[in-house]
Amino acid sequence: MNKKPVLLVIAHGSRDPRHAATVHALVRRVRSRRPGLRVETGFLDFNVPSVQGVLESLAAEGVQDVVALPLLLTRAFHAKADIPAVLRDAPPRLRIRQAEVLGPSPLLLQALERRLYEAGLTPADKSSTGVVLASAGSTDPEAIAVIADIAREWWHTGWCAVRPAFASAALPRTEDAVRELRSLGCSKIAVAPYVLAPGFLPDRIARGAAEADVLADVLGPAPEVARVLLERYDAARTPMLTAVGA
């Protein structure tokens, strides 16, 4: 029987040290959920090890099968262009399958609610609370549409209202969505950052939440995020193992 493919988690990277620390904390949680699985981490920029460096090391060890999982919430430029370009330059002996990005997923909505309740809300507040679903933003129309769809889906679970907002590249900004929800008459306004790790854009979201009543933490190493990550890995590895007769 062939060994399980190595899971390579591909993170964007950041000059902010909190970013890499959060990525590593999430990867530790993934390892704890699947002890027999080898999980490696590579960064596209700013941090080490690089994705290319990890792939070269795996090839030198004799590893054959790798599932490359973008640590991203939407299919925007990095998932469509950057990561495939890096994987095309991998050592030829490696069989690599790129997994789907993490979002959207019902588990991520559960993680968002977990963060809101940890920040002070209770389930009893739900019907009177307006929520800003604040993402990093993108120039990709598909990614923007996905965030809007998530906001609509989340609103149908019982919140007073849910509005999408973006820290860059698209509108509205977090502070504008907060003011809109206030004008609708919601008793409380909460901002839920739909981002995985701290950094420049999440800090911008936090500043935009100055007039909100509640600001949740980033998703980070929430158990639901780790579960989604493993779901994406399992979905990507199944056709790979079938192809090699495992």
Side-chain angles (χ1 to χ4, degrees), residues 12 14 19 22 70-80 100-220 222 224-225 228:
H12 182 273
S14 171
H19 174 89
T22 302
L71 198 59
L72 301 167
L73 294 172
T74 58
R75 287 192 74 253
F77 181 79
H78 294 302
K80 294 177 179 179
E100 292 296 328
V101 297
L102 301 183
S105 167
L107 285 170
L108 295 179
L109 285 181
Q110 292 179 27
L112 287 167
E113 294 210 6
R114 168 196 289 274
R115 292 300 189 224
L116 286 172
Y117 296 145
E118 289 170 350
L121 290 180
T122 70
D125 295 318
K126 197 166 184 177
S127 63
S128 60
T129 300
V131 179
V132 178
L133 179 68
S135 75
S138 173
T139 56
D140 189 308
E142 178 187 349
I144 297 301
V146 166
I147 299 301
D149 287 344
I150 293 170
R152 282 191 292 270
E153 178 183 349
W154 204 14
W155 170 58
H156 287 303
T157 67
W159 295 100
C160 174
V162 180
R163 293 290 185 273
F166 308 94
S168 67
L171 296 174
R173 294 286 182 259
T174 302
E175 53 269 34
D176 297 324
V178 168
R179 292 177 189 128
E180 180 191 353
L181 289 172
R182 190 76 72 190
S183 71
L184 290 176
C186 298
S187 298
K188 290 184 179 180
I189 310 299
V191 174
Y194 190 58
V195 293
L196 288 166
F200 176 76
L201 293 178
D203 283 349
R204 181 180 287 177
I205 290 171
R207 290 193 298 272
E211 296 179 17
D213 301 296
V214 174
L215 171 62
D217 198 359
V218 299
L219 292 171
E224 296 89 349
V225 178
V228 176

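Hydrogens, waters and symmetry mates play no part in the numbers below; they use all other heavy atoms, side chains included.
Contacts of Asp149 classified as side-chain contact (heavy atoms from CB on, under 4.5 Å), with partners at least two apart in sequence or in another chain: Arg152. Scored by the side chain to side chain donor-acceptor pair (under 3.5 Å) test, Arg182 finds Asp213 as partners (sequence neighbours excluded). The salt bridge (charged side-chain N to carboxylate O under 4.0 Å, His left out) search around Glu224 returns Arg114, not counting sequence neighbours. When the side-chain contact (heavy atoms from CB on, under 4.5 Å) test is applied to Ser105, the partners found at least two apart in sequence or on another chain are Leu107, Leu108, Val228, Arg232. In this view, Ser183 satisfies the side chain to side chain donor-acceptor pair (under 3.5 Å) rule with no residue, not counting sequence neighbours. Judged as a side-chain contact (heavy atoms from CB on, under 4.5 Å), and not counting sequence neighbours, the contacts of Glu142 are Arg75, Lys80, Asp140. Checked against side-chain contact (heavy atoms from CB on, under 4.5 Å), Asp125 has the following partners two or more places apart in sequence or in another chain: Leu121, Thr122, Thr129, Lys188. For Arg163, the side chain to side chain donor-acceptor pair (under 3.5 Å) criterion is met by Glu180, not counting sequence neighbours. With sequence neighbours left out, the side chain to side chain donor-acceptor pair (under 3.5 Å) criterion links Glu153 to no other residue.
The heavy-atom pair separating Ala76 from Ala143 by the smallest distance is CB-CB, 4.1 Å. Annotation for Val132 and Ala165: closest pair CG1-CB, 3.6 Å, computed over non-hydrogen atoms. Scanning both residues, Ala216 and Ala119, for their nearest heavy atoms gives CA-CB, 4.0 Å. Residue Thr174 comes nearest to Ala134 through the heavy atom pair OG1-CB, 3.8 Å, listed as atom of the first residue, atom of the second, then distance. A pairwise comparison of heavy atoms in Ala161 and Leu181 identifies CB-CD2, 3.6 Å as the closest pair. For the residue pair Ser138 and Ile144, the shortest heavy atom distance occurs at O-CD1, 3.4 Å.
Listed by first and then second residue, the ring-ring contact (aromatic ring centres under 6.0 Å, His included) pairs involving residues 121-170 are Trp154-Trp159 (not counting sequence neighbours). For residues 103-112, the set of pairs meeting the salt bridge (charged side-chain N to carboxylate O under 4.0 Å, His left out) definition, not counting sequence neighbours, is empty.
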Could you pull out all donor-acceptor pairs under 3.5 Å where a side-chain atom in residues 190-205 meets a protein atom, sequence neighbours excluded?
from, atom 1, to, atom 2, distance (Å)
Asp203, OD1, Arg18, NH2, 3.2
Asp203, OD2, Arg18, NH2, 2.9
Arg204, NH1, Ala167, O, 2.7

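Interatomic distance, CD of Glu113 versus NZ of Lys126, reported as 3.5 Å (0.5 Å rounding). To the nearest 0.5 Å, atom CG of residue Leu116 and atom CG of residue Leu215 are 9.0 Å apart. Atom CG of Asp176 and atom CD of Glu211 lie 9.5 Å apart (nearest 0.5 Å).
Side-chain atoms of Arg115 do not come within 3.5 Å of backbone N or O of Asp217 as any donor-acceptor pair.
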Stepwise side chain to side chain contact (heavy atoms under 4.5 Å, CB included) test for Val101 and Thr74: CA-CA 6 Å; Val101 297; Thr74 58; 5.6 Å; no
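At a threshold of 4.5 Å between non-hydrogen side-chain atoms, the residues Leu102 and Leu71 count as touching.
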